[in-house]
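Working notes, beginning with the structure itself.
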Amino acid sequence: MKKAKCTSYGSMFSKHPFPRTSCFYSTNLPTSSSLHKPESLLVKKCIFLLQNCFSSKLKLRQIHAFSIRHGVPLNDPDIGKHLIYNLVSLSAPMSYPHNIFSCIRSSNVFTWNTMIRGYAESENPEPALQLYRQMRASCIQPDTHTYPFLLKAVAKLADVRIGEIVHSKVIRNGYDSLAFVQNSLLHMYAACGLVDSAHKAFELMSERDIVAWNSVINGFALNGKPNEALTLFREMGLEGVKPDGYTVLSLLSACAELGALALGRRVHVYMVKVGLTDNLHVNNALLDFYAKCGSIREARKVFDEMKERNAVSWSSLIVGLAVNGFGEQALELFKEMETEELVPSEVTFVGVLYACSHCGMVDEGFSYFKRMKEKYGIVPKIEHHGCIVDLLSRAGLVKEAYQYIRNMPLQPNAVIWRTLLGACAMHGHLTLGEYARAQVLKLEPGYSGDYVLLSNLYASEQRWSDVHVLRRKMLRDGVKKIPGYSLVEFGNHVYEFLMGDRSHPQSDQIYAMLAEITKRLRLEGYAPHTENVLADIEEEEKENALSYHSEKIAVAFMLLKTAPGTPIRIVKNLRICADCHLAIKLTSKVFEREIIVRDQSRFHHFRDGFCSCRDYW
């Protein structure tokens with residue numbers, strides 16, 4: 001039997017029939033004989049083709065070219081409407097549908113909505129707002145679909161002022177009771193960081209679907225309110241709403257932020273139960289969650305069992321190993337990634353450089369930085385340069401770090417100058433520290449941590465008058481020091497402790513345990529690092545101040561409440577001080593516990609009197 005001949009794209013609009021596998025058929029195609037037919041018939045045939053072609057931008061361009069070649073008016077609203085809709089659905093560059101839109105003599109609300117949607121989903125959503133203004137100026141009345149697309153654009157721009165104006169328009173037009181409009185409002189407020197406004201709008205909804213619940217849970221998780229996210233998840237279960245994959249992603253993000261390992265494990269069990277273990281995005285979130293909770297073995301297990309991995313999977317584990325103090329393993333994994341002929345991304349190299357930085361591998365760090373540029377053609381971004389500055393700073397090469405900043409091809413940001421300021425405070429470079437702080441103040445004035453770093457630098461040099469001047473300036477400028485706190489999870493609750501905290505109902509027992517810990521540590525030779533107390537006070541007062549740091553209180557609480565041998569996990573919002581580091585090392589040995597502390601920049605795995613950071617942090 002003779003094989004059917006496949007028609008090429010070039011002959012798509014010839015008089016020959018299309019192959020049966022195509023979405024076009026010869027009986028429906030306009031041919032050269034169509035030239036004598038009425039224009040309306042030709043338009044109908046072109047519209048038919050557009051309605052049945054959803055898979056190729058090339059075919060859409062060919063239909064458009066054919067319609068122009070055969071005399072269909074450029075400003076025909078029906079042809080334009082279908083062309084724009086298909087191009088936007090295929091995520092074509094917006095310049096093409098915009099040019100078509102500009103030619104249409106009279107666009108209806110559907111076409112306006114499609115254009116607003118296209119820009120809202122693009123990398124540049126600003127024109128969506130301009131189109132809305134033109135739409136109103138053209139006396140086109142927005143319908144129920146206009147505002148969700150418009151709110152999506154506002155969410156991307158994170159412009160709450162415009163968002164509130166659009167919200168008022170929604171109410172004025174009577175669309176505020178529609179579920180899909182309400183969901184768009186929730187997403188907009190959450191994306192703008194006004195998660196409390198999103199929650200208020202959520203509470204006013206008469207009917208709340210899974211999209212609404214997910215929008216607010218995710219909003220809480222992404223805006224630093226993980227406890228609220230988990231509370232809302234419990235309410236969701238009480239109302240009988242079944243979570244989906246997107247809910248799981250948000251929950252894992254919240255659990256990772258809090259270091260809530262037990263709760264995250266229950267989310268993992270739920271994933272297995274409902275069959276989400278083959279979902280790549282959910283697995284990546286699960287891997288990231290375990291790594292951020294310091295459970296690197298479980299993170300590795302998730303990675304090894306994944307049926308599908310992408311660059312995010314590899315990067316997440318590389319970064320997870322690095323911040324948990326397993327820099328050599330992170331670099332070994334990177335070599336394995338290269339062996340698999342997978343192309344590392346910019347994020348992957350951030351993880352690799354981070355591993356070198358936190359393990360003191362200066363030469364290796366520069367070698368990987370060079371390979372990133374020369375072998376993979378990745379142009380270093382500010383994050384990569386920041387890693388190199390951190391690499392030099394942590395190794396005590398403060399002057400070299402400063403020279404690197406001066407020679408950077410990019411303008412250094414506040415984070416890079418702050419890294420140098422921290423290094424100056426750690427290694428006692430006063431003049432350079434003052435200069436670094438001056439640069440930070442130009443870029444981000446009012447951040448309390450910068451005042452504290454310079455204050456500590458003055459204190460380490462015994463310049464108490466400068467300390468008092470700086471702290472008075474903090475008070476005068478209304479700058480408040482960020483209080484240190486430590487979080488621990490026990491019995492389905494996350495507990496927060498501050499320095500000298502006595503708010504817990506069992507504070508008497510906690511402080512008794514703290515005294516017992518100190519007594520036993522002294523028998524092991526522990527002597528407080530009083531140089532960490534940068535204040536002009538007596539030595540005994542310094543020792544008392546050190547004994548009530550939040551992480552020590554958290555350790556005492558967990559020793560009191562958990563069974564012997566149970567690992568203790570603590571999340572600390574600031575960098576752990578040298579005294580607490582030493583005390584927790586000895587506590588892990590004396591009480592035979594593994595203690596994992598996640599501080600501002602990395603993990604410390606304490607076991608048998610040793611730390612995974614090798615006292616380099």
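No hydrogens, no waters, no symmetry mates; every other heavy atom, side chains included, goes into these values.
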Completion exercise
Contacts satisfying side-chain hydrogen bond (donor to acceptor under 3.5 Å, both in side chains) that involve residues 251-261 (not counting sequence neighbours) are none
Problem - salt bridge (Lys or Arg N to Asp or Glu O under 4.0 Å) partners for Glu338, two or more places apart - result: Arg371, Lys375
Fill in the blank from the handout: Hits for side chain to side chain donor-acceptor pair (under 3.5 Å) against Thr518, two or more places apart or cross-chain, chain-then-number order -> none
Handout entry: Tyr290-His268 aromatic ring centre distance below 6.0 Å
Key = yes
Problem - side-chain hydrogen bond (donor to acceptor under 3.5 Å, both in side chains): pairs with one or both residues in residues 559-568, sequence neighbours excluded - result: Gln506-Lys561, Thr562-Arg593
Fill in the blank from the handout: Residues passing the salt bridge (Lys or Arg N to Asp or Glu O under 4.0 Å) test with Glu298, sequence neighbours excluded, are Arg265
Problem - Euclidean distance, Leu560 CG relative to Glu516 CD, rounded to 0.5 Å - result: 11.5 Å
Exercise for the section: Can you sort out the partners of Phe497 under ring pair (Phe, Tyr, Trp, His ring centres under 6.0 Å), two or more places apart, ordered by chain and number? Expected result: Phe557
Problem - Pair Asn310, Ser313: side-chain N/O donor-acceptor within cut-off below 3.5 Å - result: yes
Practice task
Could you tell me which residues satisfy side chain to side chain donor-acceptor pair (under 3.5 Å) with Lys373, sequence neighbours excluded, listed by chain and number?
Solution key: none
Exercise for the section: Give me the one residue out of Arg607, Arg569, Lys585 that meets salt bridge (charged side-chain N to carboxylate O under 4.0 Å, His left out) with Glu594. Expected result: Arg607
Problem - Results of side chain to side chain donor-acceptor pair (under 3.5 Å) for Arg598 - residues two or more places apart only - result: none
Practice task
Among residues two or more places apart or on two chains, list those pairs meeting ring pair (Phe, Tyr, Trp, His ring centres under 6.0 Å) that have a residue in residues 325-351.
Solution key: Phe326-His605, Phe334-Phe349, Phe334-Tyr368, Phe349-Tyr376
Handout entry: Tyr246 ring center near His281 ring center (under 6.0 Å)
Key = no
Practice task
Only counting residues at least two apart or in another chain, list the ones meeting side chain to side chain donor-acceptor pair (under 3.5 Å) with Asp244.
Solution key: Asn214, Thr247
Practice task
For Asn223, enumerate each residue passing the side chain to side chain contact (heavy atoms under 4.5 Å, CB included) test, keeping only those at least two apart in sequence or located in another chain.
Solution key: Val195
Exercise for the section: List in chain and number order the residues that pass salt bridge (Lys or Arg N to Asp or Glu O under 4.0 Å) with Asp304, two or more places apart in sequence or in another chain; answer none if no residue qualifies. Expected result: Arg300
